[in-house]
Every structure is written in structure tokens, then in C-alpha cells.
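Some notes on the structure that comes next.
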Amino acid sequence: MSKQSYQTELAYHETFSCVQCGYCLPDCPTYQSMEKETHSPRGRINLVKMAAEGKVSLDTLKEPIDLCLGCRACETVCPTNVQYGKILESAKAVLQKEKYEQSKRIRLANEAVFKHTFPNERLLDLAGYGLRFYQQTGLQKVAQKLGVLKLFPERLAAFERVTPTVASPGRKKKRPMELKPQGEPVYRVGFFKGCIMDTMFAEINDASMKLLQESGCEVVLIEEQTCCGALQNHSGDREIAKELAKKNIAAFEQYEFDFVINSIGGCGAMLVEYDHLFEDEPEWYERAKAFAAKNKDISYLLAELELPMKKEVNKVVTYQPSCHMTNVQKNTAAPLALLTSIPGITYKEHKQPHMCCGSAGIYNLVHFDESMKILDQKMEHVKETEPELIVTTNPGCHLQMKVGVEREGLAGKVKVVHLVELLAEACELGK
């Protein structure tokens with residue numbers, strides 16, 4: 001790839017907004033845990049700039065970019081409004097393109113996972129059946145008792161222990177596609193279910209739709225939707241992400257919704273930035289911008305409406321915000337307002353709640369050791385609040401915090417729950 005091509009494909013002009021002030025350093029998890037300038041936002045921006053100018057090779061860029069969580073906390077504190085997300089994604093796309101050119105095997109593997117598995121509901125259901133069989137037949141208990149998991153990499157064993165009980169894929173097929181409230185609907189909303197979310201946390205999706213119904217919304221679950229493309233985009237597979245985005249935009253455009261609602265911090269961040277994918281395609285840019293404007297996290301809407309909370313939840317809780325909800329969706333007040341409005345709750349904020357937990361999509365699987373170092377720092381602060389519940393708003397954060405509870409020997413004493421689960425309990429949806 002030529003020097004001119006680097007400047008075209010990397011977000012070169014955006015790098016000039018960074019004045020190297022260092023305001024981002026205290027809020028960057030990788031800089032705090034790795035203590036290297038190249039693993040800070042300003043360090044990575046400078047490397048992207050030099051790579052675009054042909055002063056360093058892409059090999060120099062690879063490790064710092066790969067080890068970035070993409071939490072975008074640096075954007076929130078940046079005094080010059082640097083578009084770090086755009087710079088990061090451009091670097092990942094260029095690095096991924098180089099990988100493709102070097103290895104056909106990598107390209108085929110990525111397409112198999114990102115293009116043909118995550119967007120394929122049948123394949124995900126098949127995986128769900130397999131996981132449910134493993135959990136329900138006793139195989140999981142036998143494997144754990146015999147120490148079989150010790151034969152596998154530590155990262156797989158760690159997440160196997162905290163994998164939630166998977167709902168039957170057959171049950172999902174029986175869920176209603178439309179929920180109507182009593183009386184005239186306040187809003188008509190389309191519900192975005194996600195791919196991994198609806199495989200691993202289908203019950204949270206079900207509870208989300210019921211909460212929206214209870215608060216006066218008409219809720220519609222459309223079959224045409226597909227994977228949001230977040231993991232693909234974060235991995236540099238921009239073309240696959242654009243393809244999935246077009247499918248979702250076209251699908252939801254067929255309906256007249258006031259909002260498109262989800263309960264997945266990471267997916268929500270991708271959906272509200274769909275227009276960023278199409279800056280070179282004017283027609284799709286406008287459609288993506290209109291679609292993005294309708295997308296909201298469920299907490300945004302529930303905080304505006306009235307939830308019929310009937311039960312006291314007498315627990316001490318702390319809250320771990322989703323980075324993508326905080327730094328991309330800019331939704332910080334609504335989740336906390338809902339949490340503290342639950343009768344009986346004693347809320348205790350831990351130190352540095354804005355700091356990433358180290359999940360970051362599949363970062364905790366790909367870079368397990370680095371992720372666990374960040375998580376251990378997070379758990380030191382969480383433990384100080386002595387919580388009974390750790391509340392999250394994103395499935396990746398949810399699993400990561402469960403791993404943290406296990407690593408600290410707090411299993412059985414501290415439970416990790418999604419905000420939706422807690423609200424559902426307070427509203428007695430189980431009854």
C-alpha cells in the first residue's frame with residue numbers, strides 16, 4: 001500500500017485535532033494498566049499520523065491498535081473534540097486489509113464468523129441448542145467436577161463458568177411479535193434484539209419488551225432485522241458492517257416506529273453511528289442518519305415513562321456503566337435514575353465507574369491477560385462498596401463482571417444483573 005493510499009484510508013486529517021495535551025491519559029484503561037505512551041490515545045493517534053505519512057510501518061501500529069479497548073473514554077474528556085473512534089476504526093480497517101492481502105485463511109475465517117455466523121439466526125439457534133444440551137444434561141457439572149476445563153485455555157474456562165443458563169431457542173419462536181399496552185400507546189417502538197444477546201440473554205430481551213409494554217408502549221419485533229455489525233466494525237471488517245447496516249436500515253424503514261429500542265449498550269452504540277459508515281455514500285448516509293436518530297437504549301425511554309414498580313428490592317447495589325452507552329450514546333443519567341428509583345435499593349457508587357471493565361466486545365477473549373489486569377483493578381474498587389448486586393447494561397460487561405466476581409472469590413455473595421432484570425423484579429413481571 002502506497003504512502004498516498006495510507007493517507008486516503010487512514011483518518012489522517014482527524015489526527016491533527018490532537019494537540020498531545022494528555023488530558024486523556026488518566027481515563028485510558030490501557031495506559032493506566034500498561035503504562036506505555038504507545039498504548040495511550042495520544043500515542044496511538046501519533047502513530048496513525050506517522051503511518052499515514054510513511055514514517056513508520058503498519059507493523060509499528062499493529063500492537064497499540066490491537067490492544068486498544070475502543071472504550072472511547074478519551075473522546076468524553078478531550079478538550080479539542082478529537083474523533084478518536086474514527087481514527088481507531090480507520091486504523092483497524094487498514095490493518096485488517098493488510099491481513100487479508102497476506103492470508104487467504106484469515107479472510108475466509110473472518111467471513112465465516114462475521115458474515116455467515118453472527119447474522120445467521122439458524123446457526124446461532126443451533127449453537128444455543130448445543131449449549132443448552134451441555135448445561136441441562138449434566139455434562140457441564142461433570143466437566144467441571146472432573147477438571148476437564150483445565151485442559152482448555154484459561155480464557156475459555158473462565159467464561160464457561162459464568163455462561164448464563166441459555167433459554168430454549170424453541171421458546172423464542174413462541175414469543176409474541178407484537179405487544180400492545182392497555183389503552184392508547186404512548187409510543188410505537190421497534191425492538192432490536194441483537195444476535196449474541198438473543199442467543200445468550202433471550203430472557204432479558206423478553207423482559208425488556210414487557211417493560212416497554214407495561215410503560216405504555218406498543219412493541220413490535222420484526223423478523224427482517226439482523227446483526228448490528230459492531231463486532232465486525234471493531235475488527236476492521238467495514239464492508240461486512242456496512243452490508244449488515246444496510247439490511248437493518250432497509251428492514252426498519254418499512255415500519256413507522258417512533259423509536260427503535262434495544263437493551264444492549266454495545267449494539268446501541270453501533271446503531272446510533274450507522275451514518276458514519278456511509279460518509280462516502282450520500283443516499284445511504286441520509287437513510288442511516290434518520291435510522292440512527294430513532295435508536296435509543298431502553299433506559300432512555302423507561303426513564304421518561306412511568307413504570308409500575310410494586311416490589312421493594314432490598315439490596316446494596318453498585319453500577320458498572322457500559323462504555324459505549326456512556327461515551328458513544330451519551331446516555332448516563334437515565335440508567336442511574338431508573339436504578340435509584342427502585343424501591344428498597346441502597347445505591348453505592350464505586351471509584352472510577354467510568355473506567356472500562358475490560359470486556360470491549362471480544363477483547364477479553366482475544367487479549368485475555370490484558371483484559372484481566374484491567375478487570376482486577378475494577379474489582380478492587382467494586383469490592384470497597386460491599387455490594388450484593390452489580391448492575392450492568394450490556395451483555396459483554398455482564399459476563400466480564402461475573403468473571404470478576406469469580407476471580408475475587410465472591411460467587412454466592414455477589415450477583416451480577418442487567419438493569420432490565422432488576423426493573424422486571426421491581427415490577428413483578430414474573431407474576
Side-chain angles (χ1 to χ4, degrees), residues 1-25 27-107 109-110 114 229-242 270 273 276-280 327-328 356 360-363 366-367 370:
M1 192 180 289
S2 67
K3 175 180 173 181
Q4 184 61 40
S5 181
Y6 282 156
Q7 291 196 9
T8 301
E9 300 202 27
L10 290 170
Y12 177 59
H13 294 292
E14 283 75 7
T15 64
F16 286 91
S17 297
C18 178
V19 296
Q20 300 287 300
C21 66
Y23 272 87
C24 56
L25 301 184
D27 291 84
C28 176
T30 53
Y31 179 74
Q32 291 298 313
S33 63
M34 300 175 193
E35 299 181 332
K36 290 183 179 180
E37 180 66 21
T38 53
H39 292 66
S40 72
R42 72 177 183 183
R44 292 180 176 110
I45 290 169
N46 195 44
L47 286 173
V48 170
K49 183 178 181 180
M50 290 194 293
E53 294 171 347
K55 295 177 180 177
V56 299
S57 68
L58 287 183
D59 286 339
T60 307
L61 201 58
K62 187 178 183 304
E63 183 184 271
I65 293 299
D66 282 350
L67 289 178
C68 178
L69 291 152
C71 68
R72 292 168 65 176
C74 51
E75 286 187 12
T76 299
V77 297
C78 180
T80 58
N81 195 31
V82 174
Q83 297 180 56
Y84 181 80
K86 188 173 182 179
I87 296 168
L88 176 66
E89 288 176 8
S90 73
K92 287 194 172 188
V94 167
L95 288 168
Q96 189 74 318
K97 188 174 182 180
E98 287 289 308
K99 284 183 188 177
Y100 281 177
E101 290 175 357
Q102 294 170 13
S103 173
K104 184 178 180 181
R105 186 191 309 174
I106 291 175
R107 177 172 58 81
N110 276 45
F114 290 141
L231 292 178
Q232 294 83 343
N233 195 47
H234 297 332
S235 298
D237 288 293
R238 195 173 182 83
E239 291 307 312
I240 298 177
K242 288 175 73 170
M270 183 67 189
E273 290 196 333
H276 294 191
L277 294 172
F278 301 106
E279 291 177 348
D280 57 345
N327 303 316
V328 182
C356 183
I362 57 173
Y363 185 99
V366 180
H367 304 294
E370 293 83 358

* To do: Could you tell me whether E9 and K97 make a salt bridge, using a distance below 4.0 angstrom between a side-chain N and a carboxylate O?
  => yes
* With sequence neighbours excluded, residues passing side chain to side chain donor-acceptor pair (under 3.5 Å) with T76 -> N327
* To do: Please answer whether the main-chain N or O of N233 pairs with a side-chain N or O of E89 as donor and acceptor at a distance below 3.5 Å.
  => no
* To do: Could you tell me the separation between the CG atom of D66 and the CG atom of L61, rounded to the nearest 0.5 Å?
  => 9.0 Å
* To the nearest 0.5 Å, what is the distance between CG (L47) and CD1 (I65)? -> 7.5 Å
* Taking the side chain as every heavy atom from C-beta outward, state whether K49 and Y12 have any atom pair closer than 4.5 Å. => yes
* Asked: Can you name the residues that form a ring pair (Phe, Tyr, Trp, His ring centres under 6.0 Å) with Y363, not counting sequence neighbours?
  -> H367
Could you list the donor-acceptor pairs under 3.5 angstrom formed by side chains in residues 17-25, with sequence neighbours left out?
unit_1 : atom_1 : unit_2 : atom_2 : d
Q20    : NE2    : R42    : O      : 3.2

* Heavy-atom closest pair, residues A91 and V48 -> CB-CG2, 4.1 Å
* Structure fact -> NZ (K92) and OG (S235) are apart, to the nearest 0.5 Å, by 6.5 Å
* Test item: E370 and H39 side chains (from C-beta on) under 4.5 Å apart, heavy atoms -> no
* Structure fact -> Distance col, row K242:NZ vs Q232:CD, nearest 0.5 angstrom, shows 14.5 Å
* Ignoring hydrogens and angles, tell me if any N or O in the side chain of E75 forms a donor-acceptor pair with the backbone of G85 under 3.5 Å. => yes
* Side-chain touch Y31/C74, heavy atoms, less than 4.5 angstrom -> no
